[in-house]
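Heads up: the structure comes next, in structure tokens.
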Amino acid sequence: MTITPTIRVQREDFDLQAEVDLLSKGKPGVGAVVTFSGLCRDDGGMLAALELEHYPGMAEAEMSRIGALAIARFGLLGLTAIHRYGKIAVGENIVLVVAAAPHRQAAFDGANFVMDFLKTAAPFWKKEHGKGGAAGDWVAAKDADDAARDKWK
């Protein structure tokens, strides 16, 4: 049986528990579910929101490619990856990865692998919006994200 990742790029928020239930309920082989939920944070008290843009079609295709690699590499029994776009306020959800596997280590590794590649390979861009309505800069890629991705090679 071929397992296909569930991939969504959407403006609206997601329900973490509902996504876990969809991936794991009624699947007796699932022994571990690992979730990662990335939130919009305010480092330094000056951020009101992040504006996320993506390359439609290409973002979903790249996320699907990354998800399929994770399923094959870690023997996952299911994988969901959701990435939001639009203006996202501090404290709101940005991204969700749910990895289901027979054992915990595969689920942890699968979720970590997906996030490391989403941060560096999927075509998403972030722009900061400061408190008081001031538009900030586009967020630059980080060397630490590349290093995290490269550990999987």
Side-chain angles (χ1 to χ4, degrees), residues 3-25 30 32-71 73-74 76 78-101 104 106-153:
I3 297 169
T4 304
T6 298
I7 303 298
R8 294 199 311 270
V9 176
Q10 62 192 44
R11 184 175 297 276
E12 62 275 0
D13 200 2
F14 50 79
D15 180 336
L16 189 146
Q17 188 60 54
E19 298 300 334
V20 169
D21 290 346
L22 282 171
L23 199 60
S24 62
K25 296 290 184 191
V30 173
V33 175
V34 168
T35 63
F36 171 81
S37 178
L39 308 174
C40 179
R41 70 178 178 280
D42 179 13
D43 286 332
M46 300 303 293
L47 189 69
L50 285 175
E51 182 178 350
L52 285 97
E53 292 188 7
H54 70 293
Y55 191 121
M58 184 181 270
E60 294 87 348
E62 184 62 14
M63 289 173 67
S64 293
R65 185 189 73 78
I66 293 165
L69 286 172
I71 289 168
R73 182 167 183 169
F74 302 105
L76 300 180
L79 177 77
T80 298
I82 303 170
H83 204 301
R84 294 182 61 205
Y85 67 92
K87 200 167 185 181
I88 299 171
V90 169
E92 291 184 348
N93 293 313
I94 296 174
V95 63
L96 176 67
V97 174
V98 185
R104 66 181 164 85
F108 275 113
D109 289 346
N112 200 22
F113 176 91
V114 169
M115 275 310 305
D116 287 344
F117 278 84
L118 280 180
K119 291 280 291 181
T120 57
F124 288 93
W125 301 275
K126 295 186 282 189
K127 183 177 186 177
E128 297 176 330
H129 289 270
K131 291 184 176 172
D137 295 322
W138 290 98
V139 178
K142 296 180 177 88
D143 291 338
D145 292 334
D146 290 335
R149 177 207 56 218
D150 292 346
K151 75 179 178 223
W152 298 106
K153 293 183 179 179

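Note that CZ of Phe14 and CG of Leu96 are 4.5 Å apart. Values are rounded to the nearest 0.5 Å. Residue Ile7 holds its CD1 atom at 10.5 Å from CD of Glu62, rounded to the nearest 0.5 Å. Rounded to the nearest 0.5 angstrom, Trp138 CH2 and Lys126 NZ are separated by 11.5 Å. Between atom CZ of residue Phe124 and atom CD of residue Glu53 there is a gap of 11.5 Å, rounded to the nearest 0.5 Å. Atoms CZ and CG, from Arg65 and Leu69 in turn, are 5.5 Å apart once rounded to the nearest 0.5 Å.
Nearest heavy atom pair, residue Ala111 against residue Val97, reads CA-CG1, 3.9 Å. Counting all heavy atoms, side chain and backbone alike, Leu118 lies closest to Met63 at CD2-CG, 3.4 Å. Taking all atoms of both residues into account, the shortest heavy-atom contact from Asp116 to Ala148 is OD2-O, 3.4 Å. Residues Pro123 and Met58 approach most closely at CG-CG, 3.9 Å, considering heavy atoms. Across Asn93 and Ile88, no two heavy atoms sit closer than the pair O-CG2, 3.6 Å. Annotation for Ala70 and Gly110: closest pair CB-O, 4.2 Å, computed over non-hydrogen atoms.
Surrounding NZ of Lys127 are more than 12 heavy atoms belonging to other residues, nucleotides or ligands, all under 6.0 Å away. Residue Lys25 places its NZ atom among 12 or fewer non-hydrogen atoms of other residues, nucleotides or ligands, all under 6.0 Å distant. Under a cut-off of 6.0 angstrom, the local environment of CZ in Arg104 is sparse, with at most 12 non-hydrogen atoms contributed by other residues, nucleotides or ligands. Atom CZ of Phe108 has 12 or fewer neighbouring heavy atoms from other residues, nucleotides or ligands inside a 6.0 Å radius. For CG of Asp137, the number of neighbouring non-hydrogen atoms (other residues, nucleotides, ligands) closer than 6.0 Å is 12 at most.
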query: Hey, mind stepping through Val98 and Ser24 against side-chain contact (heavy atoms from CB on, under 4.5 Å) and telling me if it holds?
result: CA-CA 10 Å; Val98 185; Ser24 62; over 6 Å; no

message: Go through it in stages, so that I can follow the logic: the residues are Leu50 and Glu128, the test is side-chain contact (heavy atoms from CB on, under 4.5 Å), and I'd like the CA-CA distance, side-chain angles, deciding distance and then a yes or no.
response: CA-CA 5 Å; Leu50 285 175; Glu128 297 176 330; 3.9 Å; yes

Test side-chain contact (heavy atoms from CB on, under 4.5 Å) applied to Arg73 and Trp152, step by step: CA-CA 11 Å; Arg73 182 167 183 169; Trp152 298 106; 3.8 Å; yes

message: Using the rule given for side-chain contact (heavy atoms from CB on, under 4.5 Å), can you reason through Asp13 versus Glu92, listing the C-alpha separation, both sets of side-chain angles and the distance that settles it, and then say yes or no?
response: CA-CA 8 Å; Asp13 200 2; Glu92 291 184 348; 5.8 Å; no

- request: Go through Asp145 and Lys142 one step at a time and tell me if the salt bridge (Lys or Arg N to Asp or Glu O under 4.0 Å) criterion holds.
  value: CA-CA 5 Å; Asp145 292 334; Lys142 296 180 177 88; 5.1 Å; no

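Between the side chain of Arg84 and the backbone N or O of Arg11, at least one donor-acceptor pair lies under 3.5 Å. Side-chain N or O atoms of Glu60 include one that pairs as donor or acceptor with a backbone N or O of Gly57 at under 3.5 Å.
Between Pro56 and Val9, the closest side-chain pair of non-hydrogen atoms is not below 4.5 Å. A heavy-atom distance below 4.5 Å is not found between the side chains of Asn112 and Phe36. Looking at Glu19 and Thr35, their side chains never come closer than 4.5 Å, going by heavy atoms from C-beta outward. The shortest distance between side-chain heavy atoms of Ile94 and His83 falls below 4.5 Å. Residues Val95 and Met115 meet the side-chain proximity criterion, which asks for heavy atoms closer than 4.5 Å. Side-chain contact between Ile3 and Leu76: absent, with no pair of heavy atoms (C-beta onward) separated by less than 4.5 Å. Under the 4.5 Å side-chain criterion, counting only non-hydrogen atoms from C-beta, His129 is in contact with Glu51. By the 4.5 Å heavy-atom criterion applied to side chains, Gln17 and Val20 are counted as neighbours.
In this pair, Phe113 and Phe74 present their aromatic rings perpendicular. The plane angle is above 60°, beyond the 30 to 60° band.
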